[in-house]
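Below is one structure, written out as C-alpha cells; comments come after it.
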Amino acid sequence: MTVQGLVMFVALPLLSIAVFLAFVRLVRGPTLPDRVVALDLIATLMIGIIAVYAIATDEPVLLDLAIVLALISFLGTVAFAHYIEKRG
Amino acid sequence: MLEAVTALLILVGALLMFVAGLGITRMPDLFLRMSATTKVATLGLGTIMLAVIIYFDDLVATSHAIATILFVFLSAPVAAHIIGRAAYFNKVPLWEGTVTDQLRGQYNVGTHQLASVPFPELEQHLPDVAMRRLPVSGASPVAGQTLEQIDLRRKYDVTVLAIRRGDVVIANPAGDAQICGDDELIIMGLPEKLDEIDAAFRRLAEASAEHPTS
C-alpha cells in the first residue's frame with residue numbers, strides 16, 4: 001500500500017473517529033472544563049488531519065494551516081481557562 | 001525504505017491520536033481525561049510531524065513541521081496546567097476511585113495561592129485537619145473585636161492557634177484577646193471550614209472598604 005493509500009484508508013478514518021469521540025465529550029460535558037479539553041483535543045486532532053492530508057495530497061503548503069491552528073487553539077484554551085478560573 | 005518509515009510513523013501517530021479520542025470518552029473524570037488527551041495526542045502529533053519531515057524532505061516543510069512540534073510540545077502542557085488549575089478551583093468532581101488529593105487544603109481558595117503545609121507531620125496524623133493563615137485587613141469590622149465576640153469556634157468549628165501581630169506571635173490566645181487590623185490569625189480546622197471562613201473574612205473586608213463609614 002502506498003503512503004497515500006495508508007493515509008486515505010487508515011489514518012484519516014482513525015483520526016475522524018477520534019474527532020467524533022472528542023465531539024461526544026464536547027456535547028456530553030458534564031462540566032465546562034471537560035468541554036474545553038475536548039475542544040483542545042479536537043484542535044490537536046485537526047492539526048494531525050491537516051498534516052496527514054498534506055502528505056496524501058503532496059501539498060506542503062497545507063502545513064501553514066497546522067501552525068496557525070496550533071497557535072489559535074492554544075490562545076483559545078488559555079482564554080477559556082482564564083474565564084473559568086475567574087468565574088469559580 | 002523511507003516510504004516504509006513514513007508509513008509506520010503515520011500509522012503509529014494516527015493510532016495514538018485515536019487512543020486520545022478513546023481516552024477522552026472513556027476516562028472517568030476530567031483530570032484523567034486530560035492525562036489521556038494531552039500526553040497521547042501530543043505524542044501522536046509529534047510522530048505524524050516526523051512522518052511529514054521524512055516524506056517531504058525539503059527545507060520549508062521540515063521547518064514548518066519542526067515549528068509545529070516545538071510549539072505544540074511547549075503549549076500543550078501549559079494549556080493542560082491552566083485548565084486543570086481552573087477546573088480544580090471550580091471544584092470539578094474527582095473520580096470516586098481517587099486515592100488521594102494532595103492539593104486538598106493546601107490552596108487558598110480566595111487568592112488561589114499554593115501554600116506549603118506548616119506541619120507536615122500533623123497532616124499525617126490528622127489527615128482531615130488543615131492549618132491556614134488568615135489575614136485580617138485593617139478596614140475589616142473584625143478588627144477591634146475579641147476572639148470571644150467573633151466566636152470562630154462555634155460558627156465555623158475552627159480553632160485559633162495563634163495571633164501574629166507584626167513580629168509578635170500571641171500563642172494560644174484566650175477568649176478576651178483582641179484582634180487588631182493587619183493581624184494574622186493562624187487557624188486550624190477542616191479545609192472546607194477554612195475556605196468558608198476565608199471567604200467570609202474577604203467579604204467583610206470588601207464590604208467595609210466600599211462603605212468606610214459604616
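Fair warning: this is a prediction, and the values are worked out from it, not measured in the lab. We name chains A, B, ... by the order of the sequence lines, and we start the count at 1 in each one.
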Point-to-point distance, once rounded to the nearest 0.5 Å, from CE of B:M49 to CD1 of A:I47: 7.0 Å
Nearest non-hydrogen partners of A:A11 and B:I10, listed with the distance: CB-CG2, 3.7 Å
Non-hydrogen side-chain atoms of A:I84 and B:N90 separated by less than 4.5 Å: yes
Interchain contact, A:Q4 with chain B, by part (heavy-atom threshold 4.5 Å): side chain
Which portion of A:T31 sits near chain B, non-hydrogen atoms under 4.5 angstrom: side chain
Spatial distance of atom CG (A:L75) from atom OG (B:S75) [nearest 0.5 Å]: 9.0 Å
Matching residue for B:V52 among A:L62, A:I50, A:L63 - test: side-chain contact (heavy atoms from CB on, under 4.5 Å): A:L63
Residue part contacting chain B, namely of A:L41, when any heavy atom lies under 4.5 Å: side chain
Minimum-distance pair of heavy atoms, taken over all atoms of B:V92 and A:P33: CG2-CG, 3.8 Å
Leading residue by heavy atom contact count with chain B [cutoff under 4.5 Å; candidates A:G48, A:A22, A:A66, A:P13]: A:G48
Trace of the side-chain contact (heavy atoms from CB on, under 4.5 Å) decision for B:F71 with A:L71: CA-CA 8 Å; B:F71 184 75; A:L71 277 166; 3.5 Å; yes
Residue among B:L11, B:T68, B:V19 with most heavy-atom pairs under 4.5 Å to chain A: B:T68
Per-residue contact mode, A:V37 against chain B (heavy atom under 4.5 angstrom): both
Residue pair B:M27 / A:R25: nearest heavy atoms and the distance that separates them: O-NH2, 4.1 Å
Exercise: identify the closest heavy-atom pair between A:L6 and B:A7: CD2-O, 3.2 Å
Over 12 foreign heavy atoms within 6.0 Å of CZ, A:F80: no
Exceeds 12 heavy-atom contacts within 6.0 angstrom, atom CZ of B:R153: yes
Heavy-atom contact with chain B under 4.5 Å, split by part of A:V78: both
pair A:D58-B:F56: side-chain heavy atoms closer than 4.5 Å: yes
Residue from A:L45, A:V52, A:L14, A:I17 passing side-chain contact (heavy atoms from CB on, under 4.5 Å) with B:M17: A:L45
Heavy-atom pair with the smallest gap, counting every atom of A:P30 and B:R33: CD-NH1, 4.1 Å
Atom pair CD1 (B:I82) and OG1 (A:T77), whose distance is rounded to the nearest 0.5 Å: 7.0 Å
B:T25 side, atom OG1; A:F20 side, atom CZ - distance, nearest 0.5 Å: 9.5 Å
A:M46 CE to B:L45 CG distance, which is reported to the nearest 0.5 Å: 12.0 Å
Atom OH of B:Y156 with >12 non-hydrogen neighbours under 6.0 angstrom: yes
Nearest atoms (heavy-atom pairs only) where B:I24 meets A:A38: CD1-CA, 3.5 Å
Straight-line distance of A:L21 CG to B:T37 OG1, nearest 0.5 Å: 13.0 Å
